[in-house]
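In what follows, chains carry the letters A, B, and so on, assigned in the order in which the sequence lines appear, proteins first and then strands, with residues in each chain numbered from 1.
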Protein chains: 2
Amino acid sequence: MEIQGLHGRLLADLGPAITSGEIPEGSVLRSEELEARYGVSRTVVREAVRVLEAMRLVASRRRVGTTVQPREAWDVFDPLVIRWRLAGADRGAQLRSLGALRIAVEPVAAGLAAGLATADHCRELSALAVELTVTARSGDLRAFLRHDMAFHALVLRASGNEMFAHLADAVGAVLAGRTEHELMPHHPAEYAVALHREVAEAVCAQDGAAAERAMRGIVTGALEELAPSDPV
Amino acid sequence: MEIQGLHGRLLADLGPAITSGEIPEGSVLRSEELEARYGVSRTVVREAVRVLEAMRLVASRRRVGTTVQPREAWDVFDPLVIRWRLAGADRGAQLRSLGALRIAVEPVAAGLAAGLATADHCRELSALAVELTVTARSGDLRAFLRHDMAFHALVLRASGNEMFAHLADAVGAVLAGRTEHELMPHHPAEYAVALHREVAEAVCAQDGAAAERAMRGIVTGALEELAPSDPV
DNA sequence: TGACCCCAAAGGTATGACTTATTCAAGCCA
DNA sequence: TGGCTTGAATAAGTCATACCTTTGGGGTCA
């Protein structure tokens with residue numbers, strides 16, 4: 001997944017530095033300076049800058065240099081930007097944003113999936129619901145996480161909407177981040193697991209409204225656990 | 001907005017060619033060939049390719065070349081990818097995807113906005129609702145579109161969620177595409193305009209549930225007009 | 001048949017020369 | 001004084017070329 005080559009390394013260094021605020025908005029990076037700092041050639045610097053520019057993290061102008069853009073300009077849907085922000089100081093804000101996005105998207109995706117899911121989808125979803133139940137009871141958080149990610153990714157894929165499907169990674173990152181940061185109880189709440197079973201059943205029964213309702217319960221519950229006060 | 005420079009021109013040429021399927025999945029582009037075809041230097045080709053690679057439209061490998069990726073790999077949230085697809089053969093699929101995304105996001109955004117909107121937001125939203133009513137009645141579709149885009153963008157911004165806010169352009173593109181392609185009745189449906197007024201009122205009254213309900217009415221209605229049969 | 005090796009092909013990197021746009025300031029005119 | 005023109009400095013943009021590195025594929029040999 002990681003971009004290879006020197007420009008990839010540069011990108012992996014500059015990107016997080018910008019999204020974390022270490023290089024603040026308005027900073028000016030000059031090519032020559034970057035060449036010297038990283039000991040690479042113009043070619044490499046230019047390619048990395050071009051990619052950052054496509055993400056709207058920076059903007060280069062002649063005679064001025066490459067300016068770090070204000071955060072409102074950033075392409076916050078770019079997978080790399082999301083990952084960098086989740087790994088850095090912005091983690092909290094990013095998790096809240098994604099939480100709201102989940103609230104919006106996942107219930108609708110579940111509703112659509114109920115109308116489109118194949119028999120295979122249904123089987124896999126049911127199996128995952130069982131796994132979730134088992135691993136929640138045994139307290140195996142790692143396995144629970146793995147199945148939880150698979151469950152949500154499957155629903156998003158089964159929705160038949162490519163944009164929803166592409167949010168699977170981001171949703172997975174949220175779930176993973178929650179577990180990594182010990183924001184999960186040692187045994188996942190039973191009500192949440194029950195809701196997952198409900199989603200699976202509703203999808204298999206092609207009951208879109210029920211699937212949507214159950215999924216809405218899951219995501220709103222998740223956000224409340226994360227930030228009880230401020231649901232933005 | 002458009003990226004300047006030769007690499008920008010290359011990008012603006014290759015991007016649409018790929019998203020439209022003119023250059024099909026699996027095609028291999030060699031740098032040398034692109035240099036010749038566009039009469040530009042290695043530098044320029046490489047920078048353009050690097051950006052396309054960041055969008056996951058292509059992947060380059062040594063000894064092989066730059067391969068066009070399958071559409072499932074594309075970063076479908078990238079603003080440029082969205083624009084290119086809307087402008088090309090994929091227009092229909094892209095509009096349906098975005099329609100579903102609107103159904104998911106806009107009601108939630110309206111609900112959040114009700115809890116966060118400032119007095120200024122409220123004033124502007126109410127003013128836009130009035131404009132919508134007037135221009136709908138007079139049949140001035142161009143002005144109606146302009147205010148409609150402003151209305152939805154404002155709600156998304158007022159939601160306080162940066163990811164929602166960034167969808168404003170995409171939503172605007174959907175609305176614009178609808179008008180451009182004569183998919184609108186000459187006089188926008190009165191029920192839709194009434195729902196816009198309801199959203200404005202609910203947001204001003206800080207009634208999140210009502211705002212969400214009214215907005216849901218708008219977006220589901222919009223999608224049904226667009227594709228009565230298949231709401232994916 | 002299969003394992004191994006070698007080479008050519010294509011991208012990756014480095015570098016120097018040159019071009020072009022843009023800012024900033026000095027100078028000029030009103 | 002104030003605004004306008006002009007010119008020089010600067011940093012990005014482009015080009016051409018040379019060389020490095022990886023890797024797929026074909027050929028060889030056991």
A.B. asks: With salt bridge (charged side-chain N to carboxylate O under 4.0 Å, His left out) as the rule and sequence neighbours excluded, what pairs involving residues 108-136 of chain B come up?
C.D. replies: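 Pairs touching residues 108-136 of chain B that pass the test: B:D120-B:R123.
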
A.B. asks: Could you give the distance from CG (A:L6) to CD (A:E47), rounded to the nearest 0.5 Å?
C.D. replies: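 It comes to 9.5 Å.
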
A.B. asks: Looking at A:S31, I'd like to know whether one of its side-chain N or O atoms comes within less than 4.0 Å of OP1 or OP2 on D:dA12.
C.D. replies: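 Yes, A:S31 has a side-chain N/O under 4.0 Å of OP1/OP2 on D:dA12.
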
A.B. asks: Can you tell me how far P of C:dA14 sits from CG of A:L10, to the nearest Å?
C.D. replies: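 Interatomic distance, CG of A:L10 to P of C:dA14: 10 Å.
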
A.B. asks: To the nearest Å, give me how far apart CD (A:E47) and C1' (D:dG13) are.
C.D. replies: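 Distance, rounded to whole Å: 14 Å.
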
A.B. asks: Would you mind reading off the distance between B:R46 atom CZ and D:dG13 atom P, rounded to a whole angstrom?
C.D. replies: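 From B:R46 CZ to D:dG13 P: 16 Å.
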
A.B. asks: Looking for any heavy atom pair under 4.0 Å, which part of the strands does B:L34 touch: base, sugar-phosphate only, or nothing?
C.D. replies: nothing

A.B. asks: What does nucleotides 15-25 of chain D look like as a protein-contact string, B for base, S for sugar-phosphate only, - for none, at under 4.0 angstrom between heavy atoms?
C.D. replies: B--B--BSBB-

A.B. asks: Say you draw a straight line from CG of A:D75 to CD of A:E53; how long is it, rounded to the nearest 0.5 Å?
C.D. replies: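 So the gap between those two atoms works out to 13.0 Å.
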
A.B. asks: Side chain of A:D90, backbone of A:A93: donor and acceptor closer than 3.5 Å?
C.D. replies: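 No, A:D90 side chain to A:A93 backbone: no donor-acceptor pair under 3.5 Å.
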
A.B. asks: Check whether more than 12 heavy atoms from other residues, nucleotides or ligands sit under 6.0 Å from atom CD of B:E25, and answer yes or no.
C.D. replies: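 Above 12, so yes.
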
A.B. asks: Whole-Å distance between C:dG11 P and B:R30 CZ?
C.D. replies: 7 Å

A.B. asks: How many whole angstroms separate atom CD of B:E53 from atom P of C:dG12?
C.D. replies: 7 Å

A.B. asks: Rounded at 0.5 Å granularity, tell me how far CZ in B:F77 sits from CG in B:L101.
C.D. replies: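 Interatomic distance, B:F77 CZ to B:L101 CG, rounded to 0.5 Å: 5.5 Å.
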
A.B. asks: Whole angstrom is fine here: how far is it from CD in A:E32 over to P in D:dT10?
C.D. replies: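 Rounded to the whole Å, the gap is 11 Å.
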
A.B. asks: Given atom CD of A:E33 and atom C1' of D:dA11, what is their separation to the nearest angstrom?
C.D. replies: 12 Å

